[in-house]
Protein chains: 2
Amino acid sequence: MVVTLKDVAERAGVSRSAVSRTYTDGASVSDKTRKKVEKASRELGYSPSLIARSLATNRTKLIGLVANNFQNPIFLEVFDLYTRALQERGLRPLLVNLTNETNPENSVQMLRQYNVDGVIVATSTLQPRFSHAFKNANMPVVHAFGRFEQGSPVHVVGIDNVGCGRMAADTLIRHGYKKIAFLGGPQMATSTQDRASGFLTQLKASDVDVADVVYATAYNYDAGKEAMLELLGNRQVDAIFCGDDLICMGAMDAARSNGLSIPDDIGFLGFNDMNMSAWSAYNLSTIRQPTPDIILSSIELIVSLVSDPTRAMETRIFPCSVVERGTLKPLKP
Amino acid sequence: MVVTLKDVAERAGVSRSAVSRTYTDGASVSDKTRKKVEKASRELGYSPSLIARSLATNRTKLIGLVANNFQNPIFLEVFDLYTRALQERGLRPLLVNLTNETNPENSVQMLRQYNVDGVIVATSTLQPRFSHAFKNANMPVVHAFGRFEQGSPVHVVGIDNVGCGRMAADTLIRHGYKKIAFLGGPQMATSTQDRASGFLTQLKASDVDVADVVYATAYNYDAGKEAMLELLGNRQVDAIFCGDDLICMGAMDAARSNGLSIPDDIGFLGFNDMNMSAWSAYNLSTIRQPTPDIILSSIELIVSLVSDPTRAMETRIFPCSVVERGTLKPLKP
DNA sequence: CCGATCTTTGCAACCGGTTGCAAAAAGATT
DNA sequence: AATCTTTTTGCAACCGGTTGCAAAGATCGG
């Protein structure tokens with residue numbers, strides 16, 4: 001049924017090795033032989049099986065792509081970039097959906113069964129024990145969007161969430177807000193912890209009172225809405241820093257449903273700058289995370305990690321920036 | 001480095017076959033042997049390589065998941081469901097991003113190289129020659145969200161887009177609209193063609209004039225916005241059927257930016273009922289497509305197709321329904 | 001206790017490739 | 001033309017599993 005290397009060899013009148021060498025670069029084949037092989041291949045419609053090759057080379061060109069948040073549209077942007085960038089490098093993503101998965105061992109086993117060359121963990125909410133589990137199973141691992149920790153056993157590519165929290169505080173203060181609240185993602189997400197920490201300490205350092213601190217139960221719209229309703233009990237708030245754009249949208253919709261107008265009654269600052277944040281229904285002022293840079297860099301890192309697993313541990317931090325749109329009252333001149 | 005079957009066999013003091021049989025169900029192994037093997041496996045941390053196994057069994061448990069729209073959040077819902085449902089069946093998705101890809105041969109080759117057991121093409125905008133190309137390469141193929149065509153060479157799971165178009169027309173008429181327009185997705189997408197056809201013929205059949213017909217260049221927000229601006233030149237419109245919720249949101253935002261209020265000045269009917277459509281910023285009345293049913297059914301179909309490739313050609317059509325929210329003026333009593 | 005029957009086991013070939021090695025062929029040098 | 005290099009080639013073993021087959025072991029009835 002399926003055309004194999006042997007078929008091509010017979011048709012071309014050469015040895016199997018010759019055919020194999022035609023398709024591995026750097027191998028020694030004469031022009032004459034190569035031509036014969038390519039002709040036979042074309043006639044038969046042959047393409048080498050990466051699966052079989054991987055048995056001998058120990059390289060599947062498969063990269064495990066581990067994620068656990070399929071509710072946040074930002075991840076569609078993330079998948080788009082990953083799949084295309086990996087494709088361009090001749091690699092393929094093997095998607096692992098960790099929603100509802102609590103045991104890292106299951107995922108480790110899955111990925112080991114397919115002999116992936118490396119693993120990219122792309123999430124800011126996963127407990128570290130997951131990425132560590134992959135590491136312990138001897139797979140090259142990069143944690144994208146992860147937390148930088150001194151002595152972390154896995155390579156990290158991401159942002160300085162604490163610094164971004166400070167940046168958020170400065171931004172709100174600069175816009176003249178006085179009664180500022182924090183509406184974060186899930187309290188156990190490292191990204192939320194860090195953003196909160198930077199944000200709150202900076203407010204304190206600037207002698208601005210923290211009006212309220214609330215955590216959404218997930219990085220999604222409904223959770224943002226719900227947390228906002230909780231927060232709305234507190235009439236003292238004039239601006240909110242949300243730990244994520246999607247949460248922020250839920251919060252904004254909750255505020256509007258309660259008759260508040262944005263930014264006159266209340267200001268909002270989001271986080272991520274996903275495509276939707278520019279939509280005129282939200283027109284969200286937000287802190288931009290350089291997603292494409294993080295993704296490209298994490299791919300580059302995993303690739304070099306695959307060829308040199310002993311590579312020195314590394315953390316790559318990209319700078320964020322404030323994107324001013326319409327959910328904060330104008331700066332005083 | 002990595003633990004193989006041979007290591008386990010040696011440790012357990014049995015033959016390689018015995019170990020292999022322990023992990024293939026239906027094989028004949030005594031309880032005593034199985035115990036020994038499992039003990040050794042545990043101690044060594046062994047899990048069988050699906051890659052190596054696939055060489056002998058010709059089953060990789062890999063399903064190619066082909067998509068070309070990474071801009072529409074509905075696809076995040078789709079990916080979520082696919083990855084989880086496939087995972088539950090011991091299968092894994094190999095994601096193929098067809099954005100910007102014009103040559104089916106590239107994709108065919110990719111999937112063949114990984115020896116996927118089957119292919120699910122999940123899109124309503126791909127030209128049929130893509131799914132046909134997979135079919136011609138002798139892979140089991142299911143086209144999810146595809147068009148039903150008499151004599152189609154691939155199995156199709158989806159909806160009756162023509163019927164849905166009619167349903168949309170009836171809905172707008174029932175709500176008392178008189179000057180109705182169609183704002184579709186890309187004109188070459190089969191889903192758009194069919195929805196337009198059903199919609200427009202039904203309007204005609206009901207003696208309602210078609211105020212305008214416009215096509216967005218893509219199934220995304222910006223394209224919807226742009227198409228709406230084009231359509232807004234025409235002051236005669238009192239309701240619009242959009243071929244997709246996301247397009248509809250772009251259109252709504254364009255309308256609001258032009259000072260129109262919804263649904264008083266203009267009514268909107270979307271298509272899909274994605275999660276975001278229920279957001280209070282849009283609160284979109286729409287035609288619901290039973291995405292989970294389509295996905296589950298397409299998986300079921302590809303699975304049985306893998307075990308019996310000669311299975312009779314089949315089309316599975318699921319019913320859609322109208323979801324009434326707030327973008328159409330209330331029904332007259 | 002023996003032979004018939006059923007279950008379990010190991011051997012060896014195979015799945016579709018790669019690769020070290022030595023022999024063969026081609027090219028260079030004198 | 002003979003010798004030395006360099007390039008190309010095929011052989012055979014290997015990657016990590018599965019499986020048909022025949023031999024070995026267990027079970028059972030008489």
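Naming: A, B, ... by sequence-line order, numbering from 1 per chain. Keep in mind that the numbers below use all heavy atoms, side chains included, and drop hydrogens, waters and symmetry copies.
As rounded to whole Å, 12 Å separates atom C1' of C:dT18 from atom CG of B:L55. The NZ atom of A:K35 sits 13 Å away from the P atom of D:dT8 (whole-angstrom rounding). Taking atom NZ of residue B:K6 and atom P of nucleotide C:dG10, one finds them 16 Å apart after rounding to whole Å. Atom-to-atom, CG of A:L50 to C1' of D:dC15 comes out at 15 Å; the value is rounded to the nearest Å. For the pair A:K32 NZ and C:dA25 C1', the interatomic distance rounds to 10 Å; values are reported in whole Å. A straight line from CZ of A:R53 to C1' of C:dT19 spans 13 Å, rounded to a whole angstrom. Summarising the geometry, the separation between CD on B:E10 and P on C:dG10 is reported as 13 Å, rounded to the nearest angstrom. Rounding to whole angstrom units, CD1 of residue B:I51 and C1' of D:dT18 are separated by 16 Å.
Within 4.0 Å (heavy atoms only), A:V29 reaches sugar-phosphate atoms of the nucleic acid but no base atom. As judged by a 4.0 angstrom heavy-atom cut-off over every strand, B:S30 is placed among residues touching the sugar-phosphate backbone only. Counting any heavy atom pair closer than 4.0 Å across all strands shown, B:T4 reaches sugar-phosphate atoms only and no base atom. Among the atoms of the strands shown, only primed sugar atoms or phosphate atoms (P, OP1, OP2) are found under 4.0 Å from some heavy atom of A:T24.
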Taking only N/O atoms, report every protein-nucleotides 11-14 of chain D pair under 3.5 Å with atom names and distance.
residue : atom : partner : partner atom : Å
D:dC11  : N4   : A:S17   : OG           : 3.0

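By the 4.0 Å N-to-carboxylate-O rule, B:E43 lies close enough to B:K39 to be salt-bridged with it. With respect to the salt-bridge test (charged N to carboxylate O, under 4.0 angstrom), the residues A:E300 and A:R316 qualify. A salt bridge does not link B:D7 with B:R11: none of the charged nitrogens is closer than 4.0 Å to a carboxylate oxygen. Using a cut-off of 4.0 Å between Lys/Arg side-chain N and Asp/Glu carboxylate O, A:E38 and A:K36 are scored as not salt-bridged.
When the nearest nucleotides of DNA chain C are assigned to B:V14 and A:S49 by heavy-atom distance, the more 5′-ward of the two goes with B:V14.
When distances run from any side-chain atom of A:L5 to the nucleotides C:dT18, D:dT8, D:dG10, the shortest one goes to C:dT18. Of the candidates D:dG17, D:dG16, C:dG17, the closest approach to any side-chain atom of B:V2 belongs to D:dG16.
The two atoms that bring B:V119 and B:M139 nearest to each other are CG2-SD, 3.6 Å, heavy atoms only. Contact detail for B:I120 and B:Y82: the closest heavy-atom pair is CG2-OH, 3.4 Å. Residue B:L296 comes nearest to B:A85 through the heavy atom pair CD1-CB, 3.8 Å, listed as atom of the first residue, atom of the second, then distance.
Phosphate contact (OP1/OP2 of D:dT19, side-chain N/O of B:Y23, threshold under 4.0 Å): absent. Note on A:S28: a side-chain N or O is less than 4.0 Å away from OP1 or OP2 of D:dT8. Side-chain nitrogen and oxygen atoms of B:Y46 include at least one within less than 4.0 Å of the OP1 or OP2 phosphate oxygen of D:dG17.
Side-chain contact annotation: B:S54 with B:T60, donor-acceptor N/O pair under 3.5 Å absent.
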